[in-house]
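Data first, discussion second: the structure below is written as C-alpha cells.
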Amino acid sequence: MPFTLTTPLYYVNDRPHLGSTYTTLACDAIARFQRLQGQQVEFITGCDEHGQKIQRTAAAAGLTPQVHCDAVSARFRDLWHSWQISNNHFIRTTEPRHRAIVEQFFARVEANGDVREGRQQGWYCVACEEYKDDPAAATDPSCPVHQRPLEWRDEMNLFFRLSRYQEPIERLVASPDFVSPASRQREVQNFVAGGLKDFSISRLDVPWGIPVPGHEGHTFYVWFDALLGYLSALLQNDDPPDLELAISRGWPADLHVIGKDILRFHAVFWPAMLLSAGLELPKRVFGHGFLTREGQKMGKSLGNVLDPELLLERCGPDAVRWYLLRDIPFGDDGDFQQQRFSDLVNNDLCNTIGNLLNRTTSMARKWFDGGVPPAGAALKTSHPLAITAAAASAQFDDAMAALEFRGAAESLLRLAETANGYLNTQAPWKQMKQPGQEAAVGADLYAVLEVSRSLAVLLAPLVPDLSARMLSQLGQPALVSGADRETGDVVTTESGLATTESGSTWHPVRQWGLLRPGDPLPEPVPVMQRLELDSPL
RNA sequence: GGCUCGGUAGCUCAGCUGGUUAGAGCGUGGGAUUCAUAACCCCAAGGUCGGGAGUUCAAGUCUCCCCCGAGCCA
C-alpha cells in the first residue's frame, strides 16, 4: 500500500501565495520522509478550477475561464517545480478525466438515495462560494471574510443528504487520530454536534462547472467537484478514467494536509460523501495554521504579500524550507519575521551545521592526507558521539512521524551542538602539535565526520538540496527522496557500501561508521550561504 | 452573545498528573580559542509566569472573576 498524501487543490482565483507554498513544502517534507523510509508515496497536489468566482475573475480580466485557468494553474505547476516539490500527481479539475470520475462518483451517491432536490435560499458570498446564514443583517449583508456584499439567491438545487450521516461522522471526528491538531478536532466536533444539514451540491446558471448528469442546467458545486480531485488525481497518465481504477491506485489517502479554513469540508462533508459512495475514508486530516508577516495579515490592501517566487530567487529553497518548518510549530499560526528568518538560517544552517562540516573536513584534509582519517576507536557504536547521533536520529524519526517538524529540526541542532562542543573540548588543532597523537586526533575527527554525515542524511526530507551539498562535501552521493524515487530503481549508495534493504535509500546509510578511512574529501566549500538581507523582501 | 484555544525573559516558545534557586534557542554583554562561513566553545544579565481573589503545608501548574489576542458557532 502506498502512502497517499495530499495538499489542498489550490483555487486558481489568484497566483500562488506564501500560504500555499508553506502547505506544499510541509507536504513535500512528509513525502520525502516516507520515501526515504522505503514507502511508495502518492503525493497529490493540483488546482481547483471551477466555480462562479473563477468565471468572474476571468471575465474581469477579459479572458475565457479556460485561458485564465490554464495560465494560473501553469503558474502553480511551475512554482512547485522550481521549489523542487516532489509531487507525482498534479490534478486540474478541468481535466476530462476528472469530469468522468465526478460523474461516476455522483452516480453512486445518487443510487444510494443521497441526492434530493431542494430549495436553496439565502445570502451567498461568491468569493467564499458559500451560503452565509446571517438573518440579523438581512438588509445589507456583507461577507465577514471578504467584506464584499452578499448576493441573494433563491434557486432549486440538488442537495446531498448529509443529515443521514450524523452518527458515523460524529464517531469519525471523535476518534483521536482523524482530525488534528487536537484544538481543531474540538472545533469540528462542536460543529458536528450542532446537527448536520443537507448541503447543496449543484448550482444553476454557473456554466463554468461540471454538468450534473440527468439534471439539466445544473453544474456541480465547486467543493463537491474539487474534493473528488483527490480521487481523479490518482489515475496514472495512461489510465482510463475509471473510479475503481483510481481507487486501486492509492485510495484511501493517509493524510490530507489543509489550511484550517477548509477543515469542515475535509473532515465532515468529504467523509460523508465517501461513505455515501461506499469508499474508504482518509485516515487523517491535518489543519495547519496561517502565516502572518511581521505580525500582520498578508494582503493586497496592505501591500505586504511575500511573493514565493521572489523569496525563492533571493534566498533559495533550503533557507525558506528550514525557517518555515523549523520555527513554526506545525498546526499553529506562524509569523514570518525577516530578522528571525535570517538569524535562524545563519545560525542553524550556516554556523551550527554548515560550519561543523566545514571545519571538520578542513582539518581532516589538512592532517590526514586529504581524506577521511583512520577511524580507530571512533568506529565503535559505543563512541559517545555515536550514541548521541543514534539518540538524535531516533528523536528525529519520532518527531517527523508525528509531523512535528520543529522537534525534528531541534534534535538535529542539538546533535550538531554536541559535536561542535566535542571538537572544542578535544581541540584536535592543539593535540596535533603534540607528538604521537595522530591516532587520537584521527578518531575524533572521524567521529565528527560521521556526525556530519548523519546530519546530512537526516536533513534530506527537510532541506534536500543542503543535504546533497553536505554529502558531496563528504564524498558521498546525494540521497534520492524526490518523486524520482517512484521509478523503483534501487539506488546504490556509494563506494561499495551495503545497499541491502531494498527500496529504502535511507536505512543503509543511517548506520554509524560508513565513511571509509582514506577516501578523499573534496575541498571544503561553505554548504550554506549566509543570508544578508539588507533590504526588505 | 455561546463555545474553544492562547497570554511565561526583547523575540519564538518548553514547562507532564501542583512540590528544591521558572527553562531552551535567537538577540544582547563579556570571556576563551584559531580547525572553520567575524564562525565554534564557555559565562552572564534579563521574567512579581496578563490582572485580581480563592483552595492548599505548597500554584506558572487547580477554582472563580476580569482584561487582552486568535478561532469556531450564532
Side-chain angles (χ1 to χ4, degrees), chain A residues 132-137 144-145 173 179 181-197 259-264 267-268 287-292 294-297 323-324 326-368 373 404 406-407 409-414 416-433 441-442 444-445 448-449 452 466 469-470 473 521 523-532:
Chain A
K132 305 278 166 182
D133 23 29
D134 191 357
V145 182
V173 299
V179 179
S183 54
R184 309 249 177 266
Q185 182 186 8
R186 251 167 260 127
E187 201 175 291
V188 174
Q189 280 184 285
N190 288 341
F191 172 74
V192 176
L196 296 178
K197 285 180 269 184
K260 59 185 182 177
D261 54 330
I262 53 175
L263 194 55
R264 199 190 303 166
V268 179
H288 73 249
F290 289 154
L291 294 179
T292 51
E294 312 292 346
Q296 290 191 304
K297 266 189 185 172
Y323 171 62
L324 292 177
R326 174 241 133 131
D327 199 39
I328 298 165
F330 196 50
D332 292 6
D333 288 342
D335 191 35
F336 190 104
Q337 297 175 354
Q338 186 165 324
Q339 184 65 52
R340 188 167 175 79
F341 171 44
S342 65
D343 280 349
L344 287 186
V345 167
N346 291 344
N347 252 288
D348 300 344
L349 261 27
C350 303
N351 299 351
T352 305
I353 292 174
N355 184 52
L356 173 69
L357 175 67
N358 197 252
R359 67 195 296 209
T360 312
T361 52
S362 166
M363 284 186 275
R365 276 168 54 93
K366 196 174 296 183
W367 302 323
F368 293 91
E404 289 165 6
R406 179 182 233 243
E410 269 165 11
S411 72
L412 300 187
L413 285 170
R414 263 177 261 124
E417 276 158 19
T418 305
N420 272 316
Y422 183 83
L423 279 181
N424 281 62
T425 313
Q426 301 299 100
W429 49 91
K430 257 185 209 161
Q431 229 179 339
M432 259 327 262
K433 291 174 184 161
V441 169
D444 284 342
L445 292 182
V448 179
L449 283 173
S452 304
L466 175 59
R469 271 177 272 131
M470 290 179 71
Q473 284 280 286
L521 291 169
E523 184 176 349
V525 180
V527 288
M528 192 69 201
Q529 286 299 318
R530 298 180 67 78
L531 234 37
E532 312 282 358

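So that the names make sense, note that chain A is the first sequence line, chain B the second, and so on, each numbered from 1.
Every residue meeting the ring pair (Phe, Tyr, Trp, His ring centres under 6.0 Å) condition with Y422(A), not counting sequence neighbours, appears here in chain and number order: H383(A). R469(A) meets the salt bridge (charged side-chain N to carboxylate O under 4.0 Å, His left out) test with D318(A); sequence neighbours excluded. Residues meeting the salt bridge (charged side-chain N to carboxylate O under 4.0 Å, His left out) test with D348(A), sequence neighbours left out: R326(A).
With a 4.5 Å cut-off on side-chain heavy atoms, L196(A) and F191(A) count as touching.
When the P atom is compared between G15(B) and A53(B), the two are found 28 Å apart, to the nearest whole Å. With both ends at atom P, the span from C5(B) to U48(B) equals 28 Å, rounded to whole Å. Between U55(B) and G69(B), the distance separating the two C1' atoms is 29 Å to the nearest Å. Remark: the separation of the C1' atoms in A22(B) and G46(B) is 13 Å, to the nearest Å. For U4(B) and C41(B), the P atoms lie 45 Å apart once the distance is rounded to whole Å. To the nearest whole angstrom, the two P atoms, one in A9(B) and one in C67(B), are 22 Å apart. G18(B) sits 24 Å from G52(B) when the P atoms are compared, rounded to a whole Å. Distance noted for atom P between A14(B) and C62(B): 15 Å (whole Å).
The partner of G23(B), taking Watson-Crick or G-U wobble pairs whose two distances both stay under 3.5 Å, is C13(B). The pairing partner recorded for U37(B) is none, the criterion being a Watson-Crick or G-U wobble arrangement whose two distances lie under 3.5 angstrom. Both distances falling under 3.5 Å, in either a Watson-Crick or a G-U wobble arrangement, place C64(B) opposite G52(B). Nucleotide A44(B) has U28(B) as its partner under the Watson-Crick or G-U criteria, with both atom distances under 3.5 Å. Summarising the base pairing, G1(B) is matched to C73(B) through a Watson-Crick or G-U wobble pair whose two defining distances lie under 3.5 Å. Pair assignment for G18(B): none, as no Watson-Crick or G-U wobble contacts are both less than 3.5 Å.
The base of A36(B) sits within donor-acceptor range of the side chain of N355(A), with an N or O pair under 3.5 Å.
Closest approach of V179(A) to A267(A), counting heavy atoms only: CG2-CB, 3.8 Å. Here the closest non-hydrogen pair linking L263(A) and R184(A) is CD2-CB, 3.5 Å. Nearest heavy-atom pair across G331(A) and P181(A) is CA-CG, 4.0 Å. Smallest separation of non-hydrogen atoms from V448(A) and L423(A): CG2-CD2, 3.8 Å.
Ion pairing between a basic and an acidic side chain is recognised when a charged N comes within 4.0 Å of a carboxylate O; K260(A) and D333(A) show such pairing.
The CG atom of L521(A) sits 15 Å away from the C1' atom of A36(B) (whole-angstrom rounding). Here the C1' atom of nucleotide A39(B) and the CG atom of N346(A) are 11 Å apart, to the nearest Å. For the pair Q338(A) CD and G27(B) P, the interatomic distance rounds to 16 Å; values are reported in whole Å. Per the geometry, CD belonging to E294(A) stands 13 Å off C1' belonging to U12(B), to the nearest Å. For Q185(A) and C3(B), the CD to C1' distance is 16 Å, given to the nearest whole Å. A straight line from CG of L291(A) to P of U12(B) spans 15 Å, rounded to a whole angstrom. Protein atom CD1 of I328(A) is 14 Å distant from nucleotide atom C1' of C11(B), rounded to whole Å. Here A74(B) presents its C1' atom at 10 Å from NZ of K197(A), a figure rounded to the nearest Å.
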Every protein N/O within reach of nucleotides 33-35 of chain B N/O, cut-off under 3.5 Å:
| unit_1 | atom_1 | unit_2 | atom_2 | d |
| --- | --- | --- | --- | --- |
| C35(B) | O3' | K366(A) | NZ | 3.2 |
| C35(B) | O2' | R359(A) | O | 3.3 |
| C35(B) | O2' | S362(A) | OG | 3.4 |
| C35(B) | O2 | R359(A) | NE | 3.0 |
| C35(B) | N3 | R359(A) | NE | 3.3 |
| C35(B) | N3 | R359(A) | NH2 | 2.7 |
| C35(B) | N4 | R359(A) | NH2 | 3.2 |

Grab the N/O contacts between the protein and nucleotides 22-25 of chain B below 3.5 Å, and write none if there aren't any.
| unit_1 | atom_1 | unit_2 | atom_2 | d |
| --- | --- | --- | --- | --- |
| G25(B) | N2 | R340(A) | NH1 | 3.2 |

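Residue Q529(A) qualifies as open at atom CD: its count of foreign heavy atoms under 6.0 Å is 12 or below.
Within the nucleic acid shown, M432(A) has no heavy atom closer than 4.0 Å to any nucleic acid atom. Among the atoms of the strands shown, base atoms are found under 4.0 Å from some heavy atom of G354(A). Q337(A) comes within 4.0 angstrom of sugar-phosphate atoms only, judged by non-hydrogen atoms across all strands, and of no base. Nucleic acid contact for D327(A): sugar-phosphate only, since backbone atoms but no base atoms lie under 4.0 Å from a heavy atom of the residue.
At a non-hydrogen distance threshold of 4.0 Å, R186(A), E187(A), N190(A) from residues 186-194 of chain A come into contact with RNA chain B.
With RNA chain B read from its 5' end, the first of the two nearest nucleotides for K260(A) and T352(A) is the one closest to T352(A). Of the residues near RNA chain B, G421(A) and V527(A), the one whose nearest nucleotide (by heavy atom distance) lies more toward the 5' end is V527(A).
Using a 30° and 60° split on the angle between ring planes, Y323(A) and F336(A) fall in the perpendicular class, above 60°.
The structure places CG of N347(A) at 10.0 Å from CZ of R340(A), a figure rounded to the nearest 0.5 Å. The CE atom of M470(A) lies 5.0 Å from the CG atom of L357(A); values are rounded to the nearest 0.5 Å. Considering CD1 of I353(A) and CG of L413(A), their distance stands at 5.0 Å, rounded to 0.5 Å.
By the rule that a glycosidic angle within 90° of 0 means syn, G46(B) counts as syn.
The side chain of R406(A) has U12(B) as its nearest neighbour among U12(B), C41(B), U37(B).
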